[in-house]
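The structure appears right after this line, and notes come after that.
In what follows, chains carry the letters A, B, and so on, assigned in the order in which the sequence lines appear, proteins first and then strands, with residues in each chain numbered from 1.
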2 protein chains.
Amino acid sequence: MSTSPRGQEAARTTTADRLRAFESPCDDCAIRETSVCEVLDPAQLARLRTITTVVRLDPHSTLFQEGEAAEHLSNVVEGAVKLYKLLPDGRRQITGFLFPGDFLGVALNKTYAYSAEAITKLRLCRFPRQRMENLLKELPNLEHRLLEMAGNELVAAQDQMLLLGRKTARERLASFLLMLARRARARGQPENPLPLPMSRADIADYLGLTIETVSRTFTQLRKDGTIALPEQTRVELVNRAKLEELAEGG
Amino acid sequence: MSTSPRGQEAARTTTADRLRAFESPCDDCAIRETSVCEVLDPAQLARLRTITTVVRLDPHSTLFQEGEAAEHLSNVVEGAVKLYKLLPDGRRQITGFLFPGDFLGVALNKTYAYSAEAITKLRLCRFPRQRMENLLKELPNLEHRLLEMAGNELVAAQDQMLLLGRKTARERLASFLLMLARRARARGQPENPLPLPMSRADIADYLGLTIETVSRTFTQLRKDGTIALPEQTRVELVNRAKLEELAEGG
DNA sequence: CGGTTCATTGATTCGCGTCAATGCAGGTGG
DNA sequence: CCACCTGCATTGACGCGAATCAATGAACCG
């Protein structure tokens, strides 16, 4: 089926999901207060719900690829997503990571400007783009919210340009860890020790470095006493002041 | 006066400007069809005009600095602007250039996320942010247009991340020249030879390089026969296919 | 328990940065 | 009209931070 994500659609939308999506679905949604939905009153939420499909995906499944017609927008409910662009020879730049509460496709572009892939198991609320655009005409506060979120994304993108253009490897990694911590905190999740759901390769491709440099820089910060690495997928921010200083170019 | 740009406000808004802004001002505006205004009908344009001030600035004047409260949004009518972020030690990343028809502040953020400086003589239509936000409530098509423009900026920002994170100096410069050419064409201006209103330092800080590397790379492309440099502020795109290939990582 | 994948560490290379000198155009005053 | 300055831009010599190439280690898993 052409409009659905590639990769195993693991536990497909279940009957329970559908029932929930039909009756009370959003009431107990963990991300309601931090996502695009936060501006909607109950009646508006019900409208949005009519165009919503809950989708579950396995790690490594591709949501869509750069250049495809943009069929859907999504709200990440659970899990993590990476967005990336490729050069023909395979060089990759990850342009962002999405976590619960983040919205995929604020820009409303007709074609996807990047590819998207699940890092972990994923749960999404998915909206057909055309129906969403129609809905926006009736819910100006929803459109206003999208503009606000687009503004936040632009600010983040500009920070990332500063990072990629002008920061050293140490500064990049420090900025990255603090960004993850800030976002984890914003959605009320543990920020110290901080989970790192993505691989070293993903971190490298996000920071414009190689795997080896990321690894060496982790080691360096660990020997510094700035961080600790109890596991590969978890960092403890031991000296946060030091990280802040590094991130700002200190 | 605290709400006005620093730097000499060269030829301040003249009586003629005010008259024009009051009566027919937008009718003969060169950028009307490519700017934020293009979606407005005459009555709506008149509404927007009531909150508009025409501002003229000299080269090198600062429009605002990162971190300040965002008092105004602007539409560039004539001239060029650079947007940049600084690290405490002076490292600079230019995050964008604005040309006629471009809008400054689509994000509607409460504080400026970057500094803005005039590259050339400048003419702007300036709108108080709060009044603009009020107006958006009444003109949903204007808000929709801003969201569309924000989407375009996001796409450009992602392209720039790919450039900064993964492209070589040659590829960066090729991408840059093609981007300028594309935008010049979009506003109906000469694209070959292509004017370069910004300095080598600005180009370097936009591409995440040094002045020297930019200069050497220009020389290299010139010796290649890919471009010609009749003057310092003008490039001729001799072999555009080669540039395209380079820009895509060929 | 061997195989696979990913992270770490080491040795070496290289593209771009740094430092320094020279070139070149535009403005200014004698 | 020219000497001089000043602010870019270019060019050259050299160094360094991160990339590349290669090996080893550690976790996971069928």
(request) Please state how far atom NZ in Lys223(A) lies from atom C1' in dT9(C), giving the value in whole angstrom units. (result) 9 Å

(request) Tell me whether the OP1 or OP2 atom of dT8(C) has a side-chain N or O from Arg200(A) closer than 4.0 Å. (result) yes

(request) Could you state the atom-to-atom distance from CE of Met198(A) to P of dA7(C) in whole Å? (result) 12 Å

(request) Please determine, for the side chain of Glu212(B), which listed nucleotide (dT11(D), dA18(D), dG10(C)) has the closest atom? (result) dT11(D)

(message) Does any part of the side chain of Asp205(A), heavy atoms only, come nearer than 4.5 Å to the side chain of Tyr84(A), both counted from C-beta?
(response) no

(message) Output the rounded distance in Å from CD (Gln232(A)) to P (dT9(C)).
(response) 11 Å

(request) Report the distance from atom CG of Asp205(B) to atom P of dA9(D), rounded to the nearest whole Å. (result) 12 Å

(message) Any carboxylate oxygen within less than 4.0 angstrom of a Lys/Arg side-chain nitrogen, looking at Asp202(B) and Arg92(B)?
(response) yes

(request) With Arg200(A) as the cation and Phe218(A) as the aromatic partner, state whether NZ or CZ is under 6.0 Å from the six-membered ring centre and within 45° of the axis. (result) yes

(request) Would you classify Ile211(B) as touching base, sugar-phosphate or nothing, given that sugar-phosphate means primed atoms plus P, OP1 and OP2, and contacts are heavy atoms under 4.0 Å? (result) base

(request) Choose from dA18(D), dT11(D), dG17(C) the nucleotide whose nearest atom is closest to any side-chain atom of Arg222(B). (result) dT11(D)

(request) Measure from the side-chain heavy atoms of Thr210(B) and tell me the nearest of dA19(D), dG17(C), dT11(D). (result) dG17(C)

(message) Using only modelled atom types and a 3.5 angstrom limit, is any donor from either the side chain of Arg170(A) or the base of dG17(D) paired with an acceptor on the other?
(response) no

(request) Check whether any side-chain N or O of Arg170(B) sits under 3.5 Å from a backbone N or O of Thr217(B) as a donor-acceptor pair, and report yes or no. (result) no

(request) Grab the CG-P distance between Leu221(A) and dT8(C) for me, whole Å please. (result) 12 Å

(message) Output the rounded distance in Å from CZ (Arg216(A)) to P (dA19(D)).
(response) 9 Å

(request) Output the single nucleotide from dT9(C), dT8(C), dT11(D) whose closest atom is nearest the side chain of Thr219(A). (result) dT9(C)

(message) As a test of reading the structure: which of dT9(C), dG12(D), dC16(C) is closest to the side chain of Thr213(B), going by heavy atoms?
(response) dC16(C)

(message) Can you confirm whether Asn239(B) sits close enough to Asp224(B) that some side-chain heavy atom of one is under 4.5 Å from a side-chain heavy atom of the other?
(response) no

(message) How many whole angstroms separate atom CG of Leu173(A) from atom P of dA7(C)?
(response) 13 Å

(message) Among dT9(C), dT8(C), dC16(C), which nucleotide has an atom closest to any side-chain atom of Thr168(B)?
(response) dC16(C)

(request) Kindly point out which of dA7(C), dT11(D), dA19(D) is positioned nearest to the side chain of Ser215(B)? (result) dT11(D)

(request) Report yes if at least one side-chain N or O of Ser199(A) is closer than 4.0 Å to OP1 or OP2 of dC6(C); otherwise report no. (result) no

(request) Find the distance Leu229(B):CG to dC24(C):P and express it as a whole number of Å. (result) 15 Å

